[in-house]
Structure formats: C-alpha cells, structure tokens
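Remember, predicted model here, so these are calculated numbers, not experimental data. One is the number of the first residue; the rest follow in order along the sequence.
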Amino acid sequence: MKFSGLQKISLADYPDRIASVLFTPGCNLRCPNCHNWKIATDPQPPFLQEGAALDILDSRKKFVEAVVVTGGEPCMHKELPKFLAKLKEHGFLVKLDTNGFYPDTLQQCLTYVDYVAMDVKTSLEKYKQLGVSDTTPLVKSMELLKVGKVLYEFRTTVVPEIVTAQDIAAIGELVKGSKIHALQQFIPNDTLDKRFQTLRPYPPETIVEFTRVLRQYTEKVVLRV
C-alpha cells in the first residue's frame with residue numbers, strides 16, 4: 001500500500017489510546033464539507049510506501065500503541081486487509097475509519113482490526129449530494145458491524161444543510177440497535193466546497209436536541225464538539 005501521510009501522534013483518533021494515523025489516498029465520495037479533500041479528490045506524490053510506514057511505526061512503539069488507518073477511504077484499496085494484518089503482526093492495536101461503501105473489503109478487514117468507526121453522513125436520500133446514488137453497500141456494512149464482534153461506532157458530523165433534524169431521525173432508524181453513535185461538530189475550515197468555509201455550525205442547543213433524538217435508537221451517544 002501507499003499513503004498520503006502519517007501523523008505520528010494523535011490523542012483523539014483512537015478511544016483512550018495514543019495512536020499514529022495513516023492517511024490513504026482517494027475517496028469515492030465528494031462531501032462538500034471534507035477537510036481532507038486534497039488527498040481524497042486529487043492525491044499527489046510523494047507517497048509513503050507501506051514498508052517505510054511500518055519502519056516509522058516500529059520506531060515509535062514506545063510512544064504509541066495503536067494505529068488508525070483513515071483517508072480518503074481506506075477500503076477502496078484491495079490490499080488493505082493484508083496491510084492491517086501486518087500491523088497486527090507488528091503488535092499494534094488497529095482502528096479503521098470508513099465510509100461504509102466497500103462492505104466486501106470491510107468484511108475481510110474485520111479479522112485484523114480492534115475498532116471500526118463508520119461514517120453515517122446523512123439520510124440515505126441525501127447521499128446523492130455526496131456523489132453516490134446507491135446506498136446498498138453502506139447499509140450492508142452497517143449490518144456487518146451490528147452483528148459482528150468487533151468494537152465499533154457510527155459517527156455523524158452535524159453539517160448544516162447536509163444534516164437536518166429530519167435527517168437525524170432517519171439516521172436514528174439506520175443505526176437502530178447500535179452500541180455507540182458519535183456526533184461531531186462541524187468546523188468550517190478548508191473544505192472541498194468553499195461555500196462551506198463560511199457556513200455557521202449548529203449552536204450547542206441544537207446538537208443537544210440531536211443527541212436526545214439519537215438516544216432513542218442507540219445505546220450510547222458521544223458528543224465531540
């Protein structure tokens with residue numbers, strides 16, 4: 001595999017663990033609020049090859065105990081399961097971030113991961129705004145996690161226009177019976193659609209209301225603001 005970057009230390013990407021983060025190039029979605037749009041839409045060299053990445057990670061074992069593979073969309077890469085297996089062989093806890101649109105690859109990865117974070121970005125009908133019309137793979141991936149044994153969370157960034165109160169209710173139906181759902185505040189930074197850089201995030205009271213709704217569907221709601 002090859003990577004668009006490596007973050008040596010993260011305290012936020014793996015629950016309760018110090019982690020390093022690897023970023024894979026390319027993504028099938030075109031979310032207007034995407035912060036990693038450069039590596040998602042037009043990844044450019046130089047790329048970090050997997051051998052060099054493993055060497056860096058091994059050299060930092062006394063600082064980190066986990067590796068997060070994110071993107072872009074990692075599951076686009078068919079060689080991902082073999083790489084995750086190598087991370088486990090090297091003694092790391094492994095977390096995978098995914099948008100859920102590659103269920104076959106995800107299923108292969110579940111043997112080698114300790115935690116999965118899957119984005120549920122909006123209601124199924126609105127995924128057309130993100131560049132896809134067929135959401136069948138997403139629903140399949142969600143069911144894989146719900147019935148599986150790997151620790152997981154579904155997560156939603158509450159982007160105005162993309163996620164409304166009506167969408168939250170629809171998301172709740174999708175994640176019904178899940179263990180954890182994380183709500184993340186939208187931060188108008190360097191986004192794919194420049195209009196979203198000036199979009200005002202939801203006020204705290206709105207996010208609290210979204211949380212109340214989701215608690216009807218999932219065992220635990222986590223706020224990340």
Discussion item. Assess the residue pair Val69 and Leu87 against the criterion (side chain to side chain contact (heavy atoms under 4.5 Å, CB included)); give the C-alpha distance rounded to whole Å, side-chain angles, the decisive distance to 0.1 Å, and a yes or no.
Written reply: CA-CA 10 Å; Val69 182; Leu87 289 176; 4.0 Å; yes
Item to complete: Kindly indicate, with the supporting measurements, whether the criterion ring-ring contact (aromatic ring centres under 6.0 Å, His included) is fulfilled by Phe101 and Tyr127.
Response: CA-CA 11 Å; Phe101 278 88; Tyr127 266 86; 5.6 Å; yes
Fill in: Verdict with reasoning, Leu93 to Arg17, per side chain to side chain contact (heavy atoms under 4.5 Å, CB included)
CA-CA 9 Å; Leu93 293 170; Arg17 305 285 183 177; 3.6 Å; yes
Discussion item. Run Glu161 and Phe196 through side chain to side chain contact (heavy atoms under 4.5 Å, CB included) and show every step you take.
Written reply: CA-CA 10 Å; Glu161 299 183 18; Phe196 278 70; 4.0 Å; yes
Worksheet item: Can you check side chain to side chain contact (heavy atoms under 4.5 Å, CB included) on Cys75 and Leu96, steps first, answer last?
Response: CA-CA 9 Å; Cys75 289; Leu96 173 64; 4.0 Å; yes
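Distance alone, capped at 3.5 Å, places no donor-acceptor pair between the Lys95 side chain and the Ala66 backbone. Ser10 places a side-chain N or O within 3.5 Å of a backbone atom of Ala12 that can act as its donor or acceptor partner. Formation of a donor-acceptor pair under 3.5 Å by the Lys146 side chain with backbone atoms of Lys176 is found in this model. Between the side chain of Asp55 and the backbone N or O of Ala52, no donor-acceptor pair lies under 3.5 Å. Put simply, the side chain of Thr198 gets close to the backbone of Arg195: a donor and an acceptor are under 3.5 Å apart. Checked by atom type and distance alone, the side chain of Ser4 never pairs as donor or acceptor with a backbone atom of Thr24 at under 3.5 Å. Side-chain N or O atoms of Asp97 include none that pairs as donor or acceptor with a backbone N or O of Gly71 at under 3.5 Å. Between the side chain of Thr122 and the backbone N or O of Ile162 there is at least one donor-acceptor pair closer than 3.5 Å.
Of the charged side-chain nitrogens involved, none lies within less than 4.0 Å of a carboxylate oxygen, so that Glu89 and Lys86 do not count as a salt-bridged pair. Taking 4.0 Å as the cut-off between side-chain N and carboxylate O, Lys140 and Asp104 count as a salt-bridged pair.
Within the 4.5 Å cutoff, no side-chain heavy atoms of Thr111 are placed close to those of Pro81. Counting only heavy atoms from C-beta outward, the side chains of Arg155 and Val120 never approach each other to under 4.5 Å. Between Thr206 and Pro203 the shortest side-chain heavy-atom distance falls below 4.5 Å. Here the side chains of Leu22 and Phe83 are in contact, with some heavy-atom distance below 4.5 Å. In this structure the side chain of Leu54 reaches within 4.5 angstrom of the side chain of His90, judged on heavy atoms. The shortest distance between side-chain heavy atoms of Pro74 and Thr105 does not fall below 4.5 Å. You'll find the side chain of Asn36 stays beyond 4.5 Å of the side chain of Thr70, heavy atoms only.
Residue Lys149 places its NZ atom among 12 or fewer non-hydrogen atoms of other residues, nucleotides or ligands, all under 6.0 Å distant. More than 12 heavy atoms of other residues, nucleotides or ligands lie within 6.0 Å of NZ in Lys88, so this atom counts as buried by the packing criterion. More than 12 heavy atoms of other shown residues, nucleotides or ligands fall within 6.0 angstrom of atom NZ in Lys126. Environment of CD in Gln107: sparse, with no more than 12 heavy atoms of neighbouring residues, nucleotides or ligands closer than 6.0 Å. Counting non-hydrogen atoms of other residues, nucleotides and ligands closer than 6.0 Å to CD1 of Ile9 gives a total above 12.
Separating the CZ atom in Arg30 from the CG atom in Asn28 is a distance of 8.0 Å, to the nearest 0.5 Å. We find the OG-NZ distance between Ser20 and Lys61 to be 12.0 Å, quoted to the nearest 0.5 Å. Atom CG of residue Leu48 and atom CE of residue Met1 lie 11.0 Å apart, to the nearest 0.5 angstrom. Distance CZ/Phe63 to CG/Leu57: 13.0 Å, rounded to 0.5 Å. Taking CG of Asp119 as the reference point, atom OG1 of Thr156 lies at 7.5 Å (rounded to 0.5 Å). Atoms CD1 and CG, from Ile171 and Leu124 in turn, are 9.0 Å apart once rounded to the nearest 0.5 Å.
Results of the side chain to side chain contact (heavy atoms under 4.5 Å, CB included) test with His35 over Asp190, Thr191, Thr157 single out Thr191 as the only residue that passes. In summary, of the residues considered (Leu144, Thr136, Leu138, Val139), a side chain to side chain contact (heavy atoms under 4.5 Å, CB included) with Pro103 occurs for Leu144 alone.
Note on Leu174: it clusters hydrophobically with Val221, by side-chain heavy-atom contacts below 4.5 Å among ILVMFWY residues. By the criterion of side-chain heavy atoms lying less than 4.5 angstrom apart, applied directly or through intervening Ile, Leu, Val, Met, Phe, Trp or Tyr residues, Met118 is grouped together with Leu214 in one hydrophobic cluster. Tyr115 and Leu145 end up in different hydrophobic clusters when Ile, Leu, Val, Met, Phe, Trp and Tyr side chains are linked at under 4.5 Å. If you chain together hydrophobic residues whose side chains sit under 4.5 Å apart, Leu130 and Phe186 fall into the same group. Taken together through direct or relayed side-chain contacts under 4.5 Å among Ile, Leu, Val, Met, Phe, Trp and Tyr, Phe23 and Val113 form parts of separate hydrophobic clusters.
Arg224 and Ala182 make their closest contact through NH1-CB, 3.4 Å (heavy atoms, listed as atom of the first residue, atom of the second, distance). Closest non-hydrogen pair, Ser178 versus Thr218, comes out as OG-OG1, 2.8 Å. Between Phe47 and Pro25 the shortest heavy-atom distance is CE2-CB, 4.1 Å.
Below 30°, between 30° and 60°, or above 60°: for His181 and Phe154 the angle between ring planes is between 30° and 60°, a tilted geometry. Between Phe210 and Tyr202, the two ring planes are perpendicular [angle over 60°; tilted spans 30° to 60°].
Screening residues 72-83 for side chain to side chain donor-acceptor pair (under 3.5 Å) gives Glu73-Thr98, Glu73-Asn99 as the qualifying pairs, with residues at least two apart or on separate chains.
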